[in-house]
Trainee: 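The structure under discussion is supplied below as C-alpha cells; questions concerning it will follow.
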Amino acid sequence: MSGAELQARLLRWLAAMPFLDRLELAAVSGVSERAAYYAMAALEDAGLAAALPHGSDLIRPTRRFHVTARGLSRLAAGEGVPTETLLRTHPVSAQWRRILLQRLDAVAAVYRLAAAVAAERGSLEGFRWFRAMALDAVLVLPDGRSVGVVRQGPTADRTAFAKRLRRLYEGKLPGSLLVLASDGSRLRHTRRLLDGLPMPTFIALERDAASAAAHGPVWNTPSGKAALSLRTALSGARPGRAMPAEKQRLRASMPADLPRGCSSDPAPGELLPARLRPAEKRALDLLAEWPWLTPAHLGALLGVGSPRLSQVMGRLQALRLTVSVIAGERRRFALTDRGLALVARRDRVSVGAARGRWSAAPIDPYALLTWRNVSGARSRQLLRNIEHTEAVHGFAAGLAEQARSTDCQVAQFDPPHRASRFFRHRGRLHSIRPDAFGILRGGDRPMPFFLEWERRAVRPVTMAARLAPYLRYFASARDDDGNGMQPALLVVFEDELTAVHFLRVARRETARTGVRVPLWVSHAGLLDREGPLGRAWLAQGGWEPRRAFPMR
C-alpha cells in the first residue's frame with residue numbers, strides 16, 4: 001500500500017470515527033502503529049487532519065485526531081461524492097462534532113473498547129455512532145457480525161437509563177451487546193435490566209473495558225457470575241449484520257477548524273472536555289456526586305493538598321463550572337448549571353432533569369443563599385440538613401485519607417441517591433435507604449458496607465424503626481450485594497450514650513427476629529479520634545472498640 005493510499009484509508013476511518021488517537025486508529029484500521037504514526041504526521045503537516053489533547057480519569061493524556069475542513073473536501077473528492085453527502089453520511093458535520101466533543105470522555109472509552117475488539121479480530125469492518133438511539137455505537141466485525149455498545153455514565157439516573165434500555169427493542173438489534181457500567185452498583189442494577197434481552201449481552205466496568213484489562217476475564221452475562229474474556233464475549237455474537245438506522249438530521253453544516261492547542265480561556269462549552277485536565281474532571285465528578293463539599297473534604301477525596309486544590313478549583317471557577325459559597329457558616333463547593341450541563345451531556349442525561357435535581361443556583365440571586373433559596377430539589381434537601389450532609393462527607397474524607405496510608409483501597413463510595421436497595425421480603429417490595437454504600441478492598445478481598453449517620457433516633461421505638469428495614473434486608477438472604485460478600489452495616493451516632501443504647505436495642509431486635517445483622521456502631525467522638533479504619537466500632541456482644549474492617 002502506497003503512502004497516499006494509506007493516508008486516504010486513515011482519513012476514511014477518521015471520518016467514521018472522529019477523535020481517535022493514533023494507537024486506536026492503527027488497531028481499528030488494521031495497519032501497524034509505526035505506519036499510523038507516520039501517516040498521521042503527514043496528514044497533519046498537509047492540513048488534512050488536526051489533533052486536540054485529551055485525558056480523563058480512565059485514559060492517560062493523548063492526542064485525538066479529526067478531519068479538517070480541507071481534509072473533508074479532499075476525502076469527498078477521493079470518494080467521488082459531493083461534500084454535502086459526506087457530511088450527511090458520516091459524523092463529521094458541525095452538529096456531529098459538537099455532540100462528540102461534548103461526549104469526549106465517553107467517546108474515548110468506547111474507542112478503547114473498539115480498539116480492544118479490533119485487536120482480537122485483526123481490524124474492524126465498520127463503525128457507526130448514534131445520536132439519540134438507545135445504542136451509543138455499533139461495531140462491525142470483519143466477518144460481518146455487528147456488536148452494539150451502550151455506556152452508562154456515572155450521573156445516569158436509574159429510571160431514565162432503564163427507559164433507554166427498553167428502547168433497544170425498537171428497530172433492528174445488533175448481533176450482540178456490550179454494556180459499560182461506571183461502577184459496581186450500576187453494574188449490578190443494569191444486569192437485572194438486561195436479563196431477557198433477545199441477543200447475547202455482556203457487561204463490564206468501564207475502567208476495565210477502557211484499559212488493558214479488556215482482554216482479561218472482566219465481562220459478565222446478565223444472569224451468570226462467571227467472568228468471561230472479550231474473545232469469549234465476541235464469539236457469542238449472532239451471525240449476520242443488523243445495523244440499526246437513525247433518522248438523519250436535516251442540518252449538516254461544514255465544521256470550522258478547531259483552534260490549535262485548545263488551552264486558552266475562556267473555553268467554548270464543547271471544547272471543555274478537551275481542555276480540562278484529569279484532576280479537574282475528578283473534582284467535577286466528586287461534586288456531581290457530593291454537592292456542598294468543604295475544601296478540606298474535597299481535598300481529602302481528591303488526595304491533594306491545599307495549594308493544589310486551590311489551583312484546580314481556581315481554574316474550574318474561572319471556567320464557570322463550579323461555585324464557592326458560604327453555607328452553614330463554612331465555605332463549600334458545588335457545580336454551577338454550566339458544570340451540571342457538562343457532565344450531563346457527557347453521560348447522555350437530560351440537562352433539564354439534572355438541573356431540576358442538583359442545581360445550586362439561587363432562586364433569588366439578590367437574596368442570601370439558604371436552603372430555601374436553592375433551585376435543585378435534591379441539592380436543596382442536602383443543604384437543609386447541612387450538618388448531617390457534612391458528617392457523611394467527613395466520613396468519606398476520613399476513609400479516603402486513612403485508606404491511602406494503609407494497604408486498603410476505597411473501590412467505591414456511593415452517595416445516598418445511588419446507595420438505596422430494593423428487595424422482596426415475604427412477597428412484598430421493600431427498600432433500604434442508607435446515607436452511603438461503599439466497598440473497601442484489602443488485597444483481593446472486597447469489604448462492602450452500608451453507612452447510616454443517625455441524628456434523630458434517640459428513643460428505643462425510633463431506634464427499632466430505623467433497624468427494621470435492615471432486618472428485612474438481611475432476612476431476605478441477599479448476600480451478594482458487594483461482589484459476593486454480605487455488606488456490613490455501620491451506624492454512627494452523635495454521642496457515646498446513644499450508641500450504646502442502640503446496641504442494646506439491636507441485640508433485643510435481632511434476638512426477637514432471629515436475623516443476623518453484621519452491625520457495627522460508633523459515635524462521632526470515637527470516630528474522629530480513631531478514624532473509620534481504626535478501633536472505632538462496637539459490635540454486639542462486646543463493649544471494647546474494635547476494627548470493623550480487618551487489616552493485614
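None of these values were measured; they are calculated from a predicted model. What you see below is based on every heavy atom in this structure, not just the backbone, and it leaves out hydrogens, waters and symmetry mates.
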Trainee: Any salt bridge between Arg282 and Asp57, counting N to O under 4.0 Å?
Mentor: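 Looking at Asp57 together with Arg282, the answer is yes, because their closest N to O distance falls below 4.0 Å.
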Trainee: Quick check: does any side chain N or O of Ser176 sit under 3.5 Å from a backbone N or O of Thr201, one acting as donor and the other as acceptor?
Mentor: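 Checking the backbone N and O of Thr201 against the side chain of Ser176, no donor-acceptor pair under 3.5 Å is found.
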Trainee: Judged by atom type as modelled, is there a donor-acceptor pair below 3.5 Å linking the side chain of Arg338 to the main-chain atoms of Leu319?
Mentor: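 Yes, Arg338 side chain to Leu319 backbone: donor-acceptor pair under 3.5 Å.
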Trainee: Kindly say whether Leu187 contributes a backbone atom to a donor-acceptor pair with the side chain of Thr190 at under 3.5 angstrom?
Mentor: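 No; zero donor-acceptor contacts below 3.5 Å.
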Trainee: Can a donor-acceptor pair be found between the side chains of Arg378 and Gln381 at a distance below 3.5 Å?
Mentor: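 No, no side-chain donor-acceptor pair sits under 3.5 Å.
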Trainee: Short question: side chain of Ser235, backbone of Thr232 - any donor-acceptor pair under 3.5 Å?
Mentor: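 Checking the backbone N and O of Thr232 against the side chain of Ser235, a donor-acceptor pair under 3.5 Å is found.
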Trainee: Any donor-acceptor pair under 3.5 Å linking the side-chain atoms of Arg472 with those of His430?
Mentor: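 Yes.
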Trainee: Any side-chain donor-acceptor pair under 3.5 Å between His297 and Thr294?
Mentor: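 There is such a pair (donor and acceptor under 3.5 Å, judged by atom type) between the side chains of His297 and Thr294.
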Trainee: Show the numbers, then the answer: is there a side chain to side chain contact (heavy atoms under 4.5 Å, CB included) between Phe202 and Thr221?
Mentor: CA-CA 5 Å; Phe202 306 90; Thr221 60; 3.7 Å; yes
Trainee: Say whether, by atom type as modelled, one donor and one acceptor occur between the side chain of Asp347 and the main chain of Thr155 under 3.5 angstrom.
Mentor: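 Yes; at least one donor-acceptor contact below 3.5 Å.
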Trainee: Between Trp358 and His417, does the ring centroid distance fall short of 6.0 Å?
Mentor: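 Yes.
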Trainee: Can you tell me which residue among Val312, Leu298, Leu335 is in a side chain to side chain contact (heavy atoms under 4.5 Å, CB included) with Thr322?
Mentor: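 Going through the options one by one, the only one that passes is Leu335.
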Trainee: Taking His523 for the side chain and Thr498 for the main chain, is one N or O donor matched with an acceptor at less than 3.5 Å?
Mentor: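 Flag not set: sc His523 to bb Thr498 has no pair under 3.5 Å.
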Trainee: What is the ring orientation for Phe493 with Phe502, classed by angle as parallel under 30°, tilted 30 to 60°, or perpendicular over 60°?
Mentor: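 Ring orientation of Phe493 relative to Phe502: tilted.
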Trainee: Run the salt-bridge test on Arg466 and Glu454 with the 4.0 Å N-O cut-off and return the result as yes or no.
Mentor: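 A salt bridge is present here (some side-chain N lies under 4.0 Å from a carboxylate O).
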Trainee: If only side-chain N and O atoms count, and only distance matters, is there a donor-acceptor pair under 3.5 Å linking Glu387 with Asn385?
Mentor: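 Absent: no donor and acceptor within the cut-off.
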Trainee: Measuring centre to centre across the rings, with the benzene-like ring taken for any Trp, is Phe413 within less than 6.0 Å of Trp290?
Mentor: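 Centroid separation for Phe413 and Trp290: below 6.0 Å.
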Trainee: Tell me whether Gln402 contacts the main-chain N or O of Glu530 through its side chain, where contact means a donor paired with an acceptor under 3.5 Å.
Mentor: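 Here the side-chain-to-backbone pair exists.
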Trainee: Is the Tyr473 to Phe423 ring centre distance short of 6.0 Å?
Mentor: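 Yes - the distance between ring centres of Tyr473 and Phe423 falls below the 6.0 Å cut-off.
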